[in-house]
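These numbers come from a predicted model, not from an experiment. The sequence lines fix the lettering, A, B, ..., with proteins before strands; numbering per chain opens at 1.
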Amino acid sequence: MAKSDVERDFPALIDKDYDHALGDLHNWWEPPSGHGQYWPPGFAEDTTVQTVEEIIKVHGFTVELSEEIAPETESIAIFAIGNEWTHFAKFSAGTWASKLGEGHDVSRVSLNDLRIDMYGKVFKILSRPKQ
Amino acid sequence: MPLFYKDDQSVKEEVWFPPKCRTESFDREANGWNLRHTELFVDDWTSEASMVSWNGSQAGTSPQCDGLVELKYHAREDVAACEIVALRLGAEELRAEFEALSKKWYRDTRHLSVVSRKVVHPAYLRIIGMGEAAIPLLLEALRDKPSHWFVALRATTNTDPSPVDSNPSEARDAWLKWGRSLGYID
C-alpha cells in the first residue's frame with residue numbers, strides 16, 4: 001500500500017514518519033485459531049472487548065489509564081465499536097504506534113490520529129505497571 | 001474433436017484426449033460434449049467385456065491387470081485436466097468483474113484489523129458467489145497481492161490445504177502449492 005493511500009484514509013498522518021513495525025509480525029490474531037489465524041488458547045473465541053482485555057492483561061498490561069494521562073510505561077489502547085474490538089495501538093519508547101490492518105505500520109502518532117469510523121472509539125488503555 | 005468408438009481398435013488415447021484439449025483454444029462446446037460422454041463410458045470401455053472387443057488381440061486381459069488400471073487412471077486424469085481447463089476459461093470471463101470487486105474490497109477494508117469484518121463486505125461476498133470459476137482468480141490474487149482470500153478460497157473449494165497451525169504466510173504457501181498441483185494456476 002502506498003504512503004499516499006494511508007494519508008488519504010488518515011489525513012492526520014500526513015508528513016509523519018511511520019515506518020516502524022509493531023508486535024507479532026508473523027501471526028494474525030483473530031479467532032478462531034488455525035489455518036492462518038491465531039488466537040491464544042484458553043480464551044473465549046470471540047472479539048468482544050472483555051475477551052481482548054483479558055488477553056492483554058495476561059501479557060502484563062494490567063494498569064488502566066485515562067486517555068488524558070500520557071503513559072509512562074508500555075501501553076496498549078483498545079479501540080472498539082460498541083462491544084466489539086476493532087483495533088489496537090501500542091505505546092512504547094514515548095510514542096504511539098499502530099498497524100493499520102494489512103497495510104502500513106504507523107508510529108509517532110496520537111490516538112486522535114487513529115480516530116476514524118472503522119475503528120470507533122478508544123475503549124480502554126492498559127499499561128504495564130511501573131517498576 | 002472426434003468421438004471415439006468402443007469397437008474402433010484404431011483409436012488411440014491421444015485421439016480421445018487430443019492435446020488441444022489442454023489449450024485455451026479448444027472448442028468448449030464440443031469438448032464439453034465429449035467430456036460428458038467420456039465420463040459416462042470410461043467405466044464401460046475399461047470393463048472386461050469391452051476390453052475384449054476393444055483390445056482385440058489382447059482379448060482376455062484381466063480388468064485387474066496393470067495396463068487396464070493404468071488406462072482407467074489416465075482416462076480419469078485427462079477428464080479432470082480438461083475440466084480444469086474449462087474452469088480456467090470460465091474464470092477468464094469473470095476476470096474483469098473480479099478485478100473491479102477485489103479492488104473495491106481492498107480499498108474499503110484494507111485498514112480493518114478484523115478479518116471477520118473484512119469478509120462480509122458486499123464485494124467479497126459477490127466474489128464468493130462466483131463459485132468454482134473464481135478459484136483460479138483467487139489463487140492469482142493470493143499469489144500476486146497477498147491478502148485475506150482464505151475465507152473465499154475455503155468457500156469456493158470446500159477444502160483447506162493449509163496446516164491447522166499455519167500463519168498467514170504458511171497458509172498462502174499451502175494454498176498456492178495446492179492450486180499449482182491441480183492446475184488452477186501456473
Tell me whether B/Asn158 at atom CG has more than 12 heavy atoms from other residues, nucleotides or ligands lying less than 6.0 Å away. no

Counting only heavy atoms not in A/Lys124, do more than 12 sit closer than 6.0 Å to its NZ atom? yes

Which of residues 163-180 of chain B get closer than 4.5 angstrom to chain A, counting heavy atoms alone? B/Pro163, B/Val164, B/Ser166, B/Asn167, B/Pro168, B/Ala171

Part of [X] within contact of chain A (heavy atom distance under 4.5 Å):
{"X": "B/Lys118", "value": "side chain"}
{"X": "B/Ser116", "value": "both"}
{"X": "B/Pro161", "value": "neither"}

Begin with the C-alpha distance, continue with both residues' side-chain angles, and end with the deciding distance and a verdict on ring-ring contact (aromatic ring centres under 6.0 Å, His included) for B/Trp105 and B/Trp149. CA-CA 11 Å; B/Trp105 172 72; B/Trp149 292 115; 4.6 Å; yes

Under the side-chain hydrogen bond (donor to acceptor under 3.5 Å, both in side chains) criterion, do A/Asn83 and A/Thr48 qualify, and how do the steps go? CA-CA 6 Å; A/Asn83 200 39; A/Thr48 61; 5.0 Å; no

Listed by residue number, which members of residues 55-82 of chain A have a heavy atom under 4.5 Å from any heavy atom of chain B? A/Ile81

Residues A/His87 and B/Ser113: side-chain donor-acceptor under 3.5 angstrom: yes

Residue selection (most heavy-atom pairs with chain A, distance under 4.5 Å) from B/Arg117, B/His148, B/Arg154: B/His148

So that I can tick it off, tell me whether B/Arg88 and B/Asp186 are bridged by a salt bridge, with the cut-off set at under 4.0 angstrom between side-chain N and carboxylate O. yes

Could you check if a side-chain atom of B/Leu139 sits within less than 4.5 angstrom of a side-chain atom of B/Pro136, using non-hydrogen atoms only? no

Is there a side-chain contact between B/Phe150 and A/His35, using heavy atoms and a 4.5 Å cut-off? no

Any chance you could lay out the salt bridge (Lys or Arg N to Asp or Glu O under 4.0 Å) test for B/Lys103 and B/Glu99, step after step, and finish with the verdict? CA-CA 6 Å; B/Lys103 274 182 190 168; B/Glu99 288 178 355; 5.7 Å; no

Could you look at A/Gln37 and say if it's the side chain, the backbone, both or neither that has a heavy atom under 4.5 Å from chain B? both

Step by step, would you call B/Glu132 with B/Thr156 a side-chain hydrogen bond (donor to acceptor under 3.5 Å, both in side chains)? CA-CA 5 Å; B/Glu132 276 193 321; B/Thr156 50; over 6 Å; no

Is there a donor-acceptor pair under 3.5 Å between the side chain of B/Asp144 and the backbone N or O of B/Ala141? no

Looking only at heavy atoms, which two atoms of B/Ala155 and B/Ile128 are closest? And how far apart? CB-CG2, 3.8 Å

